[in-house]
Amino acid sequence: MARRFVLKPDPSAAPSPLTLDYAGDLNPQQHAAATAPGGPVLVVAGAGTGKTRTLIYRLAYLVETGTPPEQIVLLTFTRRAAREMLTRAAALLDGRCSRVQGGTFHAFCLAILRQHAPRLGLPAHFTILDAADAADVLDVLRTARGLHRAARRFPRKRTLQAIFSAATNRGLALEEILAESYPQFEAYRDTLDALQQDYADYKQRHGLLDYDDLLHRTLTLFERHPDVRDQVSARCRHVLVDEYQDTNRLQAALVTQFAHVHGNVMAVGDDAQSIYRFRGADFRNIFAFPERFPGTRVLKLEHNYRSTQPILDLANHVLGRATRKYEKHLFTDVRGGEPPALVPAPDARYEARFVAQVVLELREQGVPLRRIAVLFRSSANAYELEVELNRRNIPFVKYGGLKLSEAAHIKDLVAHLRVLENPQDAVAWNRILQLLEGIGPKTAADLIAWLTAARDDPFRLEERPFAPRYVEALKALFETLRAARQPGVPLPAQVERLVAYYEPICRRVYYEDYPRRLQDLEHFLALAEHAGDRAAFLASLALDPVELTALEAEARADDEPPLVLSTIHSAKGLEFNTVFVIHALDGVLPSGYALKDPDALDEELRLLYVAVTRAEERLFITYPMLRYQRYQGEYLTRPSRFIDGVPERLLEPWTLVEEGPPALPDAAPPEALPGASDGTRGDEIDDGLPF
DNA sequence: TTTCCCAAGCTTTTT
DNA sequence: GCTTGGGAAA
């Protein structure tokens, strides 16, 4: 064990006076956190208590007191969060924070792995698998073992991926995962064990890493090569971690490693806002922090600056319904405020009309669209609303919907880029080859085996007995790849070349709806223009997926910033003047999957808590009383058990009433719905509705 | 071996 | 409404 020697500040470097008024800008608790000396610090911060502000001032303080920005690491949950914090910090210190290392655990680990890939026997240009790619690999491996024709039902590829991912993220053996969550597959334990090994071998052989590998293999790298660990850690003189309650076991272990040399870690989080259990997050990490880092200074932020008291009253009430007790009671000095509203609507279309109309009224009153958010449990819940907003020309961005890089045609195109980067990338080859006429799974597998065997130039077709039914197509493919791979071809030109090649394929394969897809190819081309080099572009596509609607919103950049539609998960850490929580139904929020498991149910409750605490001034919780489900047709819903029976003084019931004579739904003019009346019980609907 | 067609099954949240 | 899987024709 090396001896630790602490260097005192260099006396010749006279400390310049601080430019920010830390004591004046922050409350005492925030100030204590922002200006804490080195060593481990845990900041337990309730919703809306200025957690982000504190972290930003912490960054500024560290920089002002002499820590070189490039030696500070800010780990966040999304790139969006990192970007926002760094921008705000840069604004405070006019740019002096810009060189802070920031990003997600995954992105930070990727950078480390890139640098040290050979130490793990990986090619420097390894490529990254998203969840769908990982499932595709497993599909191939499962077929290779003949498991697809097993007597008893074998897990489908997405399930396999989920099982293996859970095992990695939670640091558990397959056996434990099966016992806990997949008892129906326990009979396949040995087979699954073998398949897991196949998967690991396959990735190693073809230079592939999935999301979990980014974390897991970084830890392995540190374990096997302590010198790398020390080198990385020495450059992390201060580690700041946001949303610590949502770290999983691997991430908590990584934090320890990053902070190994200096022990300067600040973790910020709120156990009541832990909402990522499904991907291995463990809120107990936050309580274990002081044990993990002896000498931890624990600070609490309790004073809420965001919401009005009525909103906090509801939030406190919601949290009080949890099985587990939280020592949280949010309070504020913000006076007054409307009570949150509970709005039952006859069906989802009415719900959408209500939201759209209130949004327009608020805009009239001067609330900008971007300060209003509509939140929901799952992306499909917003379908009717999207239709309505489009109909009324209200611009919106939707976060948490389909990502550009998840669309089939974009995956096709990206696969081409990936083989340029990593010719061993067998999943990408598999995708590319099967796009060609006359090539199916079998031929693709044979070709891949040949392609990824060691050859001088993986992009040349030598003599080989190719079947005539596809040889021309194959030649065209290789010609394109070789041309795009010429040294000196800039990324946009590479992409342009690939798009030109791919376009006819796209028309053929997606003949029903290719026009829309061709548009996306244009977007993709535009993205490549500002992307840096190919490796960086691929990494950002994998780790920082672009929302499809965000692209559209950008296309109309001169318009006003759009209304925000978001899953509750994606809205974490954000705040809005007005928040709508739609589809607050039993079976939706809480999700139907969570009903049997008390822990899962608690997480759903925390989800509602997160949603509620996003609101500053106005909060509407709405739900449709009638729903269409694909199979069952329409049926009566039950409001979420989390809002059922909440006292009316905390959540005021509203009733929607149709104005004037009943109109047919399709003919209803946009403004037909009047403002809500008040007072009456919420479950009564005026007659005259077309049901 | 590929491709097409039909039936079955399932569907959350994200890096 | 969509993906996935199985079966049969080309």
Side-chain angles (χ1 to χ4, degrees), chain A residues 75-82 103-110 128-136 139 142-143 147-150 153-159 162 165 168-169 209-216 243 246-248 250-251 274-281 375-383 399-403 405-406 408 433-434 436-447 467 469-470 508-509 512-513 539-545 547 566-572 583 587-595 600 603-604 606-608 610-611 628-631:
Chain A
L75 293 166
T76 55
F77 224 65
T78 60
R79 284 252 181 128
R80 197 148 56 111
T104 61
F105 278 90
H106 290 86
F108 191 63
C109 286
L110 172 62
I128 298 168
L129 303 177
D130 67 16
D133 297 324
D136 285 344
D139 195 38
R142 182 235 254 138
T143 310
L147 294 167
H148 55 300
R149 292 186 288 124
R153 226 163 63 97
F154 196 73
R156 27 179 17 199
K157 58 181 184 177
R158 294 308 295 251
T159 312
S165 177
T168 312
N169 273 309
L209 293 186
D210 64 23
Y211 288 144
D212 307 327
D213 289 329
L214 292 176
L215 308 180
H216 183 239
E243 311 280 10
D246 281 321
T247 54
N248 64 29
L250 292 178
Q251 291 164 324
S274 155
I275 53 174
Y276 279 93
R277 203 180 76 111
F278 69 94
R279 78 171 214 207
L375 306 182
F376 33 84
R377 175 66 175 86
S378 92
S379 162
N381 301 155
Y383 178 75
Y399 293 103
L402 192 63
K403 306 289 193 299
S405 45
E406 283 166 359
L433 293 172
Q434 293 203 46
L436 304 181
E437 268 176 307
I439 297 185
K442 185 69 173 76
T443 312
D446 292 346
L447 286 171
R469 69 170 189 279
Y470 60 78
R508 173 171 56 81
V509 178
E512 320 95 331
D513 63 347
S540 91
L541 285 171
L543 298 180
D544 188 22
E547 313 279 345
S566 175
T567 56
I568 300 173
H569 284 92
S570 293
K572 195 165 74 146
H583 268 60
V588 174
L589 179 62
S591 150
Y593 300 97
L595 299 182
E603 175 145 318
E604 300 288 317
R606 293 194 295 267
L607 212 41
L608 178 60
V610 169
Y628 312 96
Q629 199 87 321
R630 332 202 193 289
Y631 255 135

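Everything numeric in this text was worked out from a predicted model, so none of it was measured. Below, read A as the first sequence line, B as the second, and so on, with proteins coming before strands; counting in each chain starts at 1. Just so it is clear, the values below take in all heavy atoms, side chains as well, and ignore hydrogens, waters and symmetry mates.
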- Message: For the NE2 atom on A/H106, are there more than 12 heavy atoms of other groups (residues, nucleotides or ligands in this structure) within a distance under 6.0 Å?
- Response: yes

- Note on the structure: Among B/dT13, B/dT15, C/dG5, the one nearest any side-chain atom of A/Y211 is B/dT15

- Task: Would you check if A/Y276 stacks with the base of B/dT13, given a 5.5 Å centroid limit and a 30° plane limit, both strict?
- Result: no

- Task: Go through C/dG5, B/dT14, B/dT15 for me and flag the one nearest to the A/L543 side chain.
- Result: B/dT15

- Task: Find the distance A/R80:CZ to B/dT15:C1' and express it as a whole number of Å.
- Result: 14 Å

- Please state whether the phosphate of B/dT14, meaning OP1 or OP2, lies under 4.0 angstrom from any side-chain nitrogen or oxygen of A/S570. yes

- Task: Could you tell me whether the side chain of A/L543 reaches within less than 4.5 Å of the side chain of A/L214, counting heavy atoms only?
- Result: yes

- Task: Name the nucleic acid region contacted by A/F105, choosing base, sugar-phosphate or nothing; use a 4.0 angstrom heavy-atom cut-off, strictly under.
- Result: nothing

- Which listed nucleotide (B/dT2, B/dT11, B/dT15) is nearest to the side chain of A/T443? B/dT2

- Any chance you could measure A/Q251, atom CD, to A/F77, atom CZ, to the nearest 0.5 Å? 5.5 Å

- Item | Touch class at under 4.0 angstrom, heavy-atom based, for A/E603 against every strand present | nothing

- Taking the side chain of A/S378 as heavy atoms from C-beta outward, which of B/dT12, B/dT15, B/dT3 is closest to it? B/dT12

- Task: Quick one: label A/G592 by what it contacts on the DNA or RNA (base, sugar-phosphate, nothing), any heavy atom closer than 4.0 Å.
- Result: nothing

- Message: Return whichever of A/H106 or A/L436 has its heavy-atom-nearest nucleotide of DNA chain B closer to the 5' end.
- Response: A/L436

- Task: Please tell me which of the listed nucleotides, B/dT13, C/dG5, C/dT4, lies nearest to the side chain of A/D139?
- Result: C/dG5

- With heavy atoms under 4.0 Å as the rule, sort A/R279 into base, sugar-phosphate or nothing. base

- Message: Check for me whether A/R279 meets the cation-pi criterion with A/Y211, that is, NZ or CZ under 6.0 Å from the six-membered ring centre and within 45 degrees of the ring axis.
- Response: no

- Message: What is the separation between atom CG on A/N248 and atom P on B/dT14, rounded to the nearest whole Å?
- Response: 16 Å

- Item | A/D136 CG to C/dG5 P, straight-line distance once rounded to whole Å | 10 Å

- Select base, sugar-phosphate, or nothing to describe what A/R469 touches, counting heavy atoms under 4.0 Å on all strands. sugar-phosphate

- Query: Which of the following nucleotides, B/dT2, B/dT14, B/dT15, is nearest to the side chain of A/K442?
  - Reply: B/dT2

- Item | Rounded distance [0.5 Å steps], OG1 in A/T143 versus NZ in A/K157 | 9.5 Å

- Message: Suppose you measure atom P in C/dG5 against the same atom in B/dT12; what distance do you get, rounded to whole Å?
- Response: 16 Å

- Task: Take the protein atom CZ of A/F376 and the nucleotide atom P of B/dT14, then report the distance between them rounded to whole Å.
- Result: 9 Å

- Task: Quickly work out the A/E406 CD to B/dT12 P distance and round it to whole Å.
- Result: 12 Å

- Query: Could you state the NZ-C1' distance from A/K572 to B/dT15, rounded to the nearest angstrom?
  - Reply: 12 Å

- Task: Check whether any side-chain N or O of A/T78 sits under 4.0 Å from OP1 or OP2 of B/dT15, and answer yes or no.
- Result: no

- First locate atom CD1 of A/I568, then atom CD of A/E604, and finally report the distance between them rounded to the nearest 0.5 Å. 8.5 Å

- Check every strand shown and say whether A/I439 touches a base, only sugar-phosphate, or nothing at a heavy-atom separation below 4.0 Å. sugar-phosphate

- Query: So which one's nearest nucleotide on DNA chain B is more toward 5', A/A444 or A/E604?
  - Reply: A/A444

- Query: How many Å lie between CZ on A/F278 and C1' on B/dT11, as a whole number?
  - Reply: 15 Å

- Side chain of A/R156, base of C/dT4: donor and acceptor closer than 3.5 Å? no

- Query: Can you check the A/L608 CG to B/dT13 C1' distance for me, whole Å?
  - Reply: 15 Å

- Item | Which nucleotide in B/dT14, C/dG5, B/dT13 has an atom nearest any side-chain atom of A/R142 | C/dG5

- What distance separates A/L215 CG from A/N169 CG, expressed to the nearest 0.5 Å? 6.5 Å

